[in-house]
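Data first, discussion second: the structure below is written as structure tokens.
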Amino acid sequence: MSTKFTLLVIITLSLLIFIQCKEGNVRDKPSLEQQDGGMADSISNILAKSNLGLSIYENTTRSNMIKQQLNQKDDMMMRFNYAKELLNMGKTEDAISIISSIINMRDQLKNVTADSKVLHEFLAICYLRIGEQENCQHNHNDDSCIIPIQEKGIHIKEMGSQKAIEKYLELLHVFPDDYQSRWLLNLAYMTLDKYPADVPKKFLIPIEEKNTSNAFQNIASQTGIDMFDLSGGVITDDFNNDGFIDIMTSSWGLNGKIKFYANRGAQGFVDETQIAGLDKIKGGLNLKQADVDNDGDLDFIVLRGGWRPLREWGVLPNSLMINRGDGKFDDKTVQRGMYSVNPTQSAEWFDFNNDGWIDLFIANETTASSTEKFPCELFLNNKSGGFTNIASKANAAVVGYFKGINSGDINNDGHKDIFISNLKGQNVLLQNKGDGTFQNITQSAGVGMPFAAFPCWFFDANNDGWDDLYVASYDEIAFLDQSGQFARDMIEESVTSEAPRIFINNQNNGFTDNTKSYLEYTALSTMGSNYGDVDNDGFLDFYLGTGAPDYRSVVPNRFFRNKNGNSFEDKTFEFGLGHIQKGHGIAFADLNNDGHQDIYAVMGGAFEGDIFPNALFENPGTDNNWIKLKLIGTQSNRSAIGAKLELVCDIDGNERSIFYTINSGGSFGANSLEAHIGLGKASSIKKLLVRWPNKQFSTSEFESLKMNSTYRIKEGNTEAEELELNTFQFSKKEATGHKHHH
């Protein structure tokens with residue numbers, strides 16, 4: 001194989017390639033009538049005029065194009081591209097057949113060399129994928145694909161992993177420092193219950209054992225809420241005001257959909273997607289909820305267009321879904337003035353001007369290849385159900401390859417600030433001046449890095465009452481070598497991908513980078529993530545959804561427990577949370593009202609064939625105390641998003657303050673807006689202080705609150721109303737497998 005051909009093959013493996021096609025004609029903005037059918041018509045019109053073959057994620061379209069070209073001219077490079085698209089579609093056996101034929105075309109390709117390595121790597125991952133499909137998809141159970149793989153997660157059909165082991169041993173014999181192949185070898189042995197005993201010692205990567213006494217258990221399939229699809233978003237919140245937290249999920253892609261699982265307590269979760277009028281609504285990569293019209297019912301937005309830098313790729317508008325209060329939702333995007341066609345996957349609900357009506361900031365994506373700029377949007381709520389984009393007027397129409405967005409109050413002045421992560425360049429911190437404008441203080445605040453950033457969130461990492469900041473990284477190394485970076489981290493070798501950042505608030509409009517003292521690991525490239533307090537100790541933990549579109553990026557999601565506000569310790573494997581599917585939307589919520597937060601994770605990938613059931617990790621619980629608070633704004637926005645809480649507790653005769661802010665958590669996945677606050681070993685609650693997000697920044701104080709109870713607190717009232725707990729056990733049934741449906 002020539003050096004030129006080798007380079008071309010390597011380029012085809014890059015996630016950034018696309019087949020050059022004749023550009024389609026895309027109408028910039030369809031003319032819509034003010035009616036419910038407008039959005040569906042708009043999306044149909046956009047797709048009809050889009051050149052879908054430009055997108056590396058439209059694998060069926062691309063494979064058909066290549067097949068037509070192959071009928072005219074049989075070219076080796078084209079056949080390799082065809083095999084790649086078949087793998088991405090989920091037609092792995094066909095991909096194996098084609099790549100094997102390429103290898104057998106020439107004797108010099110049959111052995112692993114520097115020139116043929118990329119072909120053999122491709123064949124190896126195809127075999128590993130066969131194992132996944134035959135066992136983890138078709139014969140799925142709730143132990144599938146969770147590291148360390150044990151018990152029911154062990155593969156019954158062994159051919160795929162066995163052949164993968166043979167191929168990875170061949171690769172490592174020639175390239176012993178190939179960390180990516182090294183991890184995938186360990187994984188293949190694990191699926192056959194031959195780890196660690198049969199792994200050659202020089203290639204062994206040690207993984208901590210699961211502690212069955214305090215491990216979480218994935219019960220998604222047993223509870224019927226394991227949406228089987230691609231990556232997407234999730235909201236865990238009470239959409240029907242019955243006291244139980246429901247689950248709303250989405251998947252992206254042109255065939256993506258929304259699922260609404262109503263929580264019916266002891267009767268279990270019920271798929272009410274069609275009843276809610278959501279069965280015809282196209283999905284998206286992210287979802288975020290808020291009560292936009294202050295009527296007491298949670299609405300939500302579907303975010304679309306991420307990873308599509310050109311309109312010709314089929315950039316779709318977002319959808320604002322309004323809760324009618326009768327179990328149904330209506331798409332009111334056009335009527336409420338929020339229609340726009342921009343590539344995005346991230347937005348934040350917050351009350352920009354503290355007028356008691358929730359506003360929306362959308363972080364749009366402008367890439368280097370974009371032929372036009374897509375500035376961010378700030379939709380101001382006009383109090384009558386509509387919104388107006390005031391981004392330019394507010395100095396908020398910033399431009400970048402923005403991926404994550406979150407709001408916080410960095411100086412505790414009552415005005416909500418905005419942080420936006422940038423995948424290609426400096427991040428942006430916009431300080432709310434309180435006069436209707438923002439000021440960019442990124443440089444002075446010291447939060448410009450990481451250079452390739454993705455999810456982000458404000459949270460009080462050290463529980464001192466000041467918002468700190470977590471910013472995940474996702475550089476090009478992570479896109480192409482995430483397994484190799486994970487392997488390096490596990491064996492304590494130098495990682496070359498960019499590290500995430502933990503910025504601690506210095507209480508002076510700036511932050512200090514304390515990443516090294518807070519995190520032991522650095523190979524934590526992340527797409528989906530969120531935070532909560534799973535052990536109710538009063539310190540916030542977080543869960544990271546890892547992985548990349550590349551099928552070789554088969555690394556576990558990671559869970560970090562907060563150690564008294566001083567650092568975070570990796571409890572991924574001990575807690576049984578190391579799911580190796582991609583992971584995107586993550587949400588923490590007490591779904592059965594037992595006082596312990598469970599974790600819901602959307603597990604699908606990006607390519608058409610990378611579908612997988614979502615996971616629900618049931619919290620085994622601790623003996624720490626807790627309290628749940630449902631705030632109702634009157635002068636503030638109805639859900640009191642942005643309210644600051646301080647619980648003063650008695651612990652061993654000493655006072656301890658525990659702080660909490662009402663919001664939905666991180667930038668990918670949405671927690672319930674009901675505050676769930678761990679109290680640790682507190683013996684009593686001395687008082688609760690609430691600073692409301694209104695123009696007066698008024699405060700309320702409550703006493704005589706009981707621990708391990710739930711309260712409703714209405715702004716202006718002097719007493720908190722205790723609510724019935726309605727605790728129940730999850731209704732479970734035997735899990736069944738899933739068949740590919742694309």
If you draw the axis of the six-membered ring of W252, does the NZ or CZ of K282 fall within 45° of it and under 6.0 Å from the ring centre? no

On the 0 to 90° scale, with breaks at 30° and 60°, tag the [X]-[Y] ring pair as parallel, tilted or perpendicular.
X	Y	value
Y551	F607	tilted
W183	F486	perpendicular
F300	F329	perpendicular

Please report the shortest heavy-atom distance between [X] and [Y], naming the atom on each side.
X	Y	answer
S529	W457	OG-CZ3, 3.1 Å
F260	A276	CD2-CB, 4.0 Å
G576	A215	N-CB, 4.3 Å
Q137	I611	NE2-O, 2.7 Å
A83	I98	CB-CG2, 3.8 Å

Would you say the rings of [Y] and [X] are close, in the sense that their centroids are separated by under 6.0 Å?
X	Y	answer
H140	F612	yes
F668	F454	yes
F542	F568	yes
F728	F244	yes

Check this for me, if you would: do [X] and [Y] make a salt bridge, where the nitrogen-to-carboxylate-oxygen distance has to be below 4.0 angstrom?
X	Y	answer
K117	E121	yes
K259	E272	no
D242	R264	yes
E58	R308	yes

Show your working on side-chain hydrogen bond (donor to acceptor under 3.5 Å, both in side chains) between S161 and T191 and close with a plain yes or no. CA-CA 7 Å; S161 289; T191 65; 2.7 Å; yes

Determine whether Q180 and Q482 satisfy the following criterion, side-chain hydrogen bond (donor to acceptor under 3.5 Å, both in side chains), listing intermediate values before the conclusion. CA-CA 8 Å; Q180 180 172 254; Q482 195 163 149; over 6 Å; no

Any chance [atom1] of [X] has more than 12 other-residue heavy atoms, nucleotides or ligands included, within less than 6.0 Å?
X	atom1	answer
E569	CD	yes
K67	NZ	no
K152	NZ	yes

With salt bridge (charged side-chain N to carboxylate O under 4.0 Å, His left out) as the criterion, how do R561 and E574 come out once you've worked through the C-alpha distance, each side chain's angles and the decisive distance to 0.1 Å? CA-CA 11 Å; R561 185 172 69 179; E574 179 183 339; over 6 Å; no

Will you find, in the side chains of [X] and [Y], an N or O donor that is under 3.5 Å from an N or O acceptor?
X	Y	value
T92	Q133	yes
Q581	E132	yes
D475	S497	no
N530	N671	yes

Kindly determine whether S319 and D331 satisfy side-chain hydrogen bond (donor to acceptor under 3.5 Å, both in side chains), including the steps that lead there. CA-CA 6 Å; S319 281; D331 190 328; 2.9 Å; yes

Quick one: does R129's side chain get under 4.5 Å of D610's, heavy atoms only? yes

With heavy-atom distances below 4.5 Å as the criterion, would you say the side chains of Y600 and I225 are in contact? yes

